[in-house]
Each structure stands twice: as structure tokens, then as C-alpha cells.
Amino acid sequence: MDIAKEYRAAPKVKAIRSKPTFLQSLRSLVKHWQLSLMLLPVVAAFLIFSYFPLLWLLIAFKDYNIGKGLWGSPWVGWKHFHMIFTYPDMLQLIRNTVFISLLNLGFGFPAAILFALLLNEIKHSAFKRTVQTLTYLPYFIPWTIMAGFILLMFSIDGLINNVLVDYFGLDPKNFLTNNTSFIQLLIGSAIWKGMGWSSIIYLAAIAGVNPQLYEAAHIDGASRLQRIVSITIPSIAPVIGITFILQVGGLMSSNFDQIYNMYNAQVYKVADVIDTFVVRMGVTQMQYSITTAMGLFKGVVGFILIILSNYIIRKTSDSENSLW
Amino acid sequence: MLNKKMNVFDYLNYLFMTLLCLTMIYPFLHTFSLSFSDPIEASKGGFMFWPRGFQLDTYKGLLKDSLFWRSYLNIVAVTAIGVAVCLFLTSCASYVLSLPHYPFRRFFTMFIVFTMFFSGGIIPSYLLTKDLHLMNTWIPLWIPGVIAAFNIILLINFFKQIPSEVREAAVIDGASDFAIFTRIVLPLSKPVLATVGLFLAVMFWNDWFTPYLYLNDTDKYTLPLILKKYVVNSEIDGLSGFVKATNQQVLPSQVRSTVILVGILPTLVIYPFIQKYFVKGVTLGSLKG
């Protein structure tokens with residue numbers, strides 16, 4: 001991220017220009033009042049809608065009661081956290097969340113890279129453009145519609161079952177209520193929908209590789225696979241590193257929109273994740289305190305994961321590969 | 001690039017890409033054909049490449065469904081207003097944060113970036129919206145657009161590329177900061193504004209969860225809510241009345257197909273023309289490399 005780079009570069013700039021004091025900065029805030037006014041609405045929106053909700057995190061430590069409100073509700077300390085960690089379903093929720101994310105990380109993440117590498121090998125630009133246009137398209141179709149497609153294809157009277165019954169003489173199978181096949185559908189449809197779109201960033205990185213490297217390798221007699229392994233992949237490593245950090249940071253948040261639109265009570269055992277549980281219990285059953293505690297737990301773990309994976313990548317490779 | 005000759009790998013690669021594209025197109029084709037097919041033919045199942053037979057009952061039924069059209073108009077309004085307001089506010093703030101001389105610039109940028117990594121979660125935002133009496137209004141639908149950290153960073157990165165001489169020349173000519181922004185910077189940034197505007201439009205147009213949380217008055221419903229109701233939960237409610245209004249003979253899957261098709265038609269029509277802007281946005285907005 002450019003900003004991150006700037007922060008690193010900042011001390012040098014400071015050394016040249018003497019740093020304005022806090023008071024001078026405040027004065028210049030007023031001096032540039034037009035600019036300040038332009039910035040104000042967005043800062044206010046962030047304050048109210050991103051930072052102010054953090055106050056409501058307090059209700060994770062209170063027994064929240066709508067009548068008494070945020071401040072009036074009684075403090076209960078770590079009660080809700082004790083509850084969620086002794087709650088038998090909680091372990092399953094965490095396991096489901098992490099398991100689905102790991103599957104997405106294990107299959108979806110490499111799929112996009114592999115797709116970008118393969119697409120890059122296509123030489124006919126018209127064909128390449130067509131493939132790109134078609135593979136980016138599903139990204140723009142919302143999960144509500146995707147769930148509709150999946151129903152049309154995989155439900156008990158859907159296309160796949162028709163084919164299985166008519167052509168192969170098999171018994172129809174309900175893919176959407178079977179634990180294993182539901183998870184397969186979940187991961188498969190996520191890859192199908194997102195692969196093309198996620199590959200854009202890698203394609204852009206590949207396009208930025210110096211073509212002379214390839215020519216030199218060609219003269220040295222490197223095969224196509226060798227060129228990919230020793231030129232292309234190292235060149236896009238920074239991008240891979242950063243996308244990886246962001247994905248690891250999302251380990252505790254599986255694709256909420258997808259699961260909430262696709263799942264049903266029969267597959268709760270494998271498909272119910274923290275986010276879907278929070279919405280079901282919190283919003284529809286008004287269990288605010290405990291679901292806030294779960295959200296807080298999730299947020300803190302996600303935040304730690306981002307910092308940790310960034311730290312590890314920075315320590316084990318070039319700092320270019322990390323987020324900051 | 002280097003060797004133009006096709007080898008086995010190339011043929012397999014082309015074959016793979018072709019098959020992949022077919023899987024991308026087929027669901028749309030199937031939906032299209034199913035929605036127009038004759039119910040008796042459609043009930044035979046199997047692959048649908050072309051409509052078998054012909055009927056328009058499902059379309060006529062949907063045409064009469066006032067809830068559907070209401071939500072369609074609403075989503076157009078939500079998207080149009082949302083894009084205009086959010087784009088203006090976001091670009092104002094991003095421009096200010098791109099100016100090296102603006103005080104506390106680094107603090108404000110960190111203030112925005114932090115929200116990308118940590119948030120209070122669904123319930124705190126929900127309770128805040130309730131306490132602010134914003135339930136059943138469209139305001140919570142628009143807010144994530146104004147505070148989309150990704151878009152702000154994308155715009156900051158773009159504005160930084162505008163040479164500072166442009167600004168300095170305008171200052172000497174006596175232009176105010178706001179005039180510089182509206183008369184010089186904005187016109188220079190049309191392509192990137194189009195890109196961010198499209199990002200916002202897609203976000204508003206496809207957002208189902210926010211309206212699901214905050215809207216309960218059907219007059220204010222947006223299209224994704226109706227789509228969810230008709231497409232995903234069709235067997236429970238929603239469709240039953242609409243199917244009766246059309247024709248008892250029509251298959252539920254045909255009604256579902258019709259709703260899907262009419263629901264995403266605008267996306268499908270506009271998509272080929274705007275796709276390139278998105279690609280530019282993704283490349284510009286993210287990551288240092």
C-alpha cells in the first residue's frame with residue numbers, strides 16, 4: 001500500500017523540514033479552513049459510524065437491556081465471555097469458521113494465482129479478453145442471485161440431479177442438505193465467483209515484470225515452466241504476500257453473505273459460523289450482549305492475526321512483501 | 001510473446017479456459033431458457049441451452065407485482081443518490097489527505113486505515129443505528145459508502161499523482177482551495193471518479209444485508225431484499241401469491257428464473273461497457289508493488 005511506503009519514507013522528509021509544533025498544526029488547520037471543511041464530513045462519518053460503535057462493545061461486559069440503554073445496563077464483567085467459552089456450540093462455531101476460511105485459503109487463494117499464470121500464457125489477445133470478461137462477470141452477481149443459481153443447479157429437482165437420474169440412473173441426492181457436499185458447494189461456488197476477479201491484481205503484477213528478464217531466460221534455454229517458477233512467481237511475490245496477509249486477517253470472518261444466503265438448518269453443524277450465528281442470535285433474537293462479546297472476540301483475533309502474519313512475512317522475506 | 005508455436009500445453013490451456021468460460025455462461029443461459037420455456041417441456045429437466053416451447057406468463061406475473069417494481073425504483077434511487085453524495089464527500093476528503101502540507105494528514109489517514117482492520121462488529125453498529133433513530137431509513141445504506149476506507153485510499157493514491165505545480169499555479173492566480181478542487185482537480189480526475197463511482201454503485205446495487213438489517217417497511221425495500229425473498233426463500237412465502245396471479249401451471253423454478261433474470265438484467269447489459277474501469281480501479285487502488 002502506498003501509504004505504508006510513505007510512512008517509512010516520512011522521517012527523511014521531517015529531517016529537512018522542521019516539524020511544526022502541535023499548536024502550529026492546529027493554527028494551520030484553521031488557516032486552511034476550506035480544506036478542513038472538505039475533510040470534515042468524512043471524518044465525522046468515520047467517527048460516528050466506525051469509532052462510535054466501539055463504545056457499544058462495552059455491552060459485552062454488561063447485561064444489555066434496551067430499556068436501560070448503554071449506560072444504564074448493569075456491569076457483569078467477563079460473564080458473557082465465560083459463557084461463550086463454556087457454550088458447547090461455540091467451539092463448533094469457531095471450528096466451522098476457521099475450517100471454511102482455511103479451505104478458502106487452501107483452494108481459492110492458489111486458484112486465483114494459478115488462473116492468472118495460465119491466462120498470462122494465452123497469446124491471442126482477443127481470446128484472452130473474452131476469457132477475462134466472462135470470468136470477472138460472476139463477481140458482479142450478488143450472493144442472493146448466486147444462491148438462486150445454486151438452487152437451480154443443485155437442488156433436489158435441479159439440473160445436476162436431473163442429469164444424474166436420467167443419464168446415469170442414480171438416485172437424486174440433495175447436495176444442499178448434506179454436510180460434506182454443502183461445504184464443497186460453498187468452497188466451489190466461492191472459487192467460481194471470485195477467482196477471475198481476484199486474479200486481476202496478479203495479472204497487473206505480471207504485466208509489470210520486465211520483459212527483458214524473459215528474453216534473457218529464453219536465450220539461456222529456460223523452459224516455460226522454469227520461466228514461470230523463477231521469474232514470474234518471484235516477481236509477483238510481494239502482491240501474493242499482501243493478499244495472503246489480508247486473507248489470514250479474515251480467518252475469523254468467513255464469507256457471511258454467501259453462507260447466510262446458501263445455508264439451511266440441516267447443515268448448521270458444519271456451516272454455521274460466528275457471523276451467521278451473531279446475526280441469527282443477535283438481530284433476530286435480540287441476544288445483544290453475548291453476540292457482541294462474540295463479535296469482539298472475533299475482531300480481536302482477526303486484528304492479532306493481521307499483525308502476526310505481517311510480522312512473520314516481514315521477518316522471513318523482503319519487507320516489500322508485507323503490508324507495512 | 002516469445003515462441004508463437006503452439007504446443008500440447010497451449011492446447012490444454014486453451015481447452016481449459018474455454019471450458020471455464022462455458023461454466024461461467026451456462027447458469028445465465030439455463031436461467032434464460034428456463035424462464036421462457038413451456039412448463040411441460042421445462043419439467044422434463046436436463047440441460048437447457050435454448051428455450052423449449054414458449055411462454056410469457058411468468059413475465060406477465062412479475063410485471064403485475066407492484067412490490068417488485070417498487071423495490072426496483074427504490075434501488076435505482078438509493079444507488080443514484082448514494083453514488084452522487086458518497087463520491088463527492090469521499091473525493092473531497094481524499095483530496096485534502098493527498099496534500100502534503102495539510103496538518104495532521106498522517107493522523108487522519110491512519111484514522112481511516114485502522115477501520116480496515118478492526119471494527120466493532122455487526123451488533124454495535126446495529127444498536128447505534130437504532131439509538132440514532134435511523135432504522136427504516138436509507139441512511140445506513142449509504143454510510144458504508146462514505147466511510148469506505150478502500151475507496152479513500154484509492155483516491156488519495158490518484159490525487160497524489162497530480163503534479164503540485166498545477167495547484168501552485170492556481171494558488172498564484174488567487175483560486176481558493178475549494179475552487180481548485182472543483183474546477184481543476186475534479187475535471188482532471190474523471191476516469192478515476194468514474195471508477196470509484198462504479199465501485200460504489202455496485203456496492204449499493206447488490207447490498208442485501210444492510211437493507212435486511214435496517215428496513216422493515218416494504219415501501220422502502222430495495223431490490224436485493226425482494227430477490228432474496230423470491231429467489232432463495234421462494235417455497236416459503238413471496239412467490240406463492242405471484243404464482244397464483246400468473247398461472248398455476250408454471251414451475252416454481254421458472255418463476256425463480258424470471259425473477260433472477262429481470263433482477264440482474266441491468267448488470268448484464270451495462271457490465272461489458274464498464275468492466276475495464278473496475279480493472280483499472282483494482283490495479284490502482286490496492287497495494288504498493
Side-chain angles (χ1 to χ4, degrees), chain A residues 1-5 25 28-29 32 34-35 38-39 41-43 45-46 49-50 52-54 56-57 118 121-122 131 133-138 140-142 144-145 147-149 152 159 162 166 200-201 204-205 214 218 238-239 242 249 257 261 278-279 282-283 288 291-292 295 299 303 306, chain B residues 2 13 17 21 24-25 27 30-31 45-46 89 92-93 96 102-104 108-109 111-113 115 117-128 143 146-147 153 157 176-178 202 206 208-209 213 224 227-228 231-232 253 256 260 263-264 267 271-272 275 279 282-283 286-289:
Chain A
M1 211 173 284
D2 263 334
I3 302 172
K5 203 182 236 167
S25 296
S28 104
L29 213 59
H32 299 290
Q34 282 194 337
L35 294 176
M38 282 160 71
L39 184 62
V42 168
V43 171
F46 269 94
F49 292 97
S50 280
F52 204 40
L54 298 183
W56 267 258
L57 286 174
L118 286 177
E121 295 296 319
I122 300 272
V131 174
T133 307
L134 289 173
T135 47
Y136 300 165
L137 174 63
F140 294 93
I141 306 301
T144 39
I145 296 292
F149 281 154
L152 287 176
L159 173 70
N162 279 328
D166 294 351
I200 294 178
I201 188 116
Y214 291 108
H218 186 59
V239 176
I242 290 163
D257 242 27
N261 278 298
V278 164
V279 170
V283 180
Y288 296 128
T291 46
T292 303
F303 193 61
I306 282 218
Chain B
L2 295 165
N13 195 10
M17 291 296 174
C21 288
M24 300 286 162
I25 304 171
H30 186 89
T31 311
L89 294 180
C92 275
V96 175
Y102 190 74
F104 303 117
F108 284 125
T109 315
F111 179 80
I112 287 165
V113 171
T115 61
F117 302 120
F118 188 80
S119 73
I122 298 161
I123 306 295
S125 309
Y126 177 75
L127 293 175
L128 171 71
I143 289 303
V146 180
I147 59 175
I153 288 160
N157 284 347
S176 70
D177 280 316
F178 192 69
V202 170
N206 286 343
W208 155 79
F209 182 61
L213 270 189
L227 291 178
K228 161 86 176 167
V231 172
V232 185
S253 63
R256 182 178 278 150
I260 289 181
I264 57 173
T267 315
Y271 168 73
Q275 184 229 122
V279 174
V282 172
T283 331
S286 42
L287 314 175
K288 41 188 190 182

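Just so we're on the same page: letters track the sequence lines, and every chain starts at 1. Only heavy atoms go into these numbers, but all of them, side chains included; no hydrogens, no water, no symmetry mates.
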Does any backbone or side-chain atom of [X] lie under 4.5 Å from a heavy atom of chain A? Answer side chain, backbone, both or neither.
{"X": "B/Phe178", "answer": "both"}
{"X": "B/Ile25", "answer": "side chain"}
{"X": "B/Phe111", "answer": "both"}
{"X": "B/Ile122", "answer": "side chain"}
{"X": "B/Leu213", "answer": "side chain"}
{"X": "B/Ser119", "answer": "backbone"}
{"X": "B/Leu127", "answer": "both"}
{"X": "B/Val202", "answer": "side chain"}

Between [Y] and [X], is there a side-chain heavy-atom distance shorter than 4.5 Å?
{"X": "A/Trp56", "Y": "B/Tyr126", "value": "no"}
{"X": "B/Leu227", "Y": "A/Ile145", "value": "yes"}
{"X": "B/Ser253", "Y": "A/Leu152", "value": "yes"}
{"X": "A/Ser28", "Y": "B/Pro103", "value": "yes"}
{"X": "B/Met17", "Y": "A/Ile122", "value": "yes"}
{"X": "A/Val42", "Y": "B/Val96", "value": "no"}

For the residue pair B/Ile123 and A/Gly282, what are the closest heavy atoms and their distance?
->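 Answer, listing the atom of B/Ile123 first, then A/Gly282: CD1-CA, 3.7 Å.
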Side chain of A/Asn261, backbone of B/Lys228: donor and acceptor closer than 3.5 Å?
->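 No: the side chain of A/Asn261 does not pair with the backbone of B/Lys228.
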Between A/Thr133, A/Asp257, A/Thr135, A/Ile306, which shows the greatest number of heavy-atom pairs under 4.5 Å with chain B?
->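 The residue among A/Thr133, A/Asp257, A/Thr135, A/Ile306 with the greatest pair count is A/Thr133.
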Is chain B contacted by the side chain of A/Ala205, its backbone, both, or neither, given a heavy-atom distance below 4.5 Å?
->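 Contact with chain B: none, neither part.
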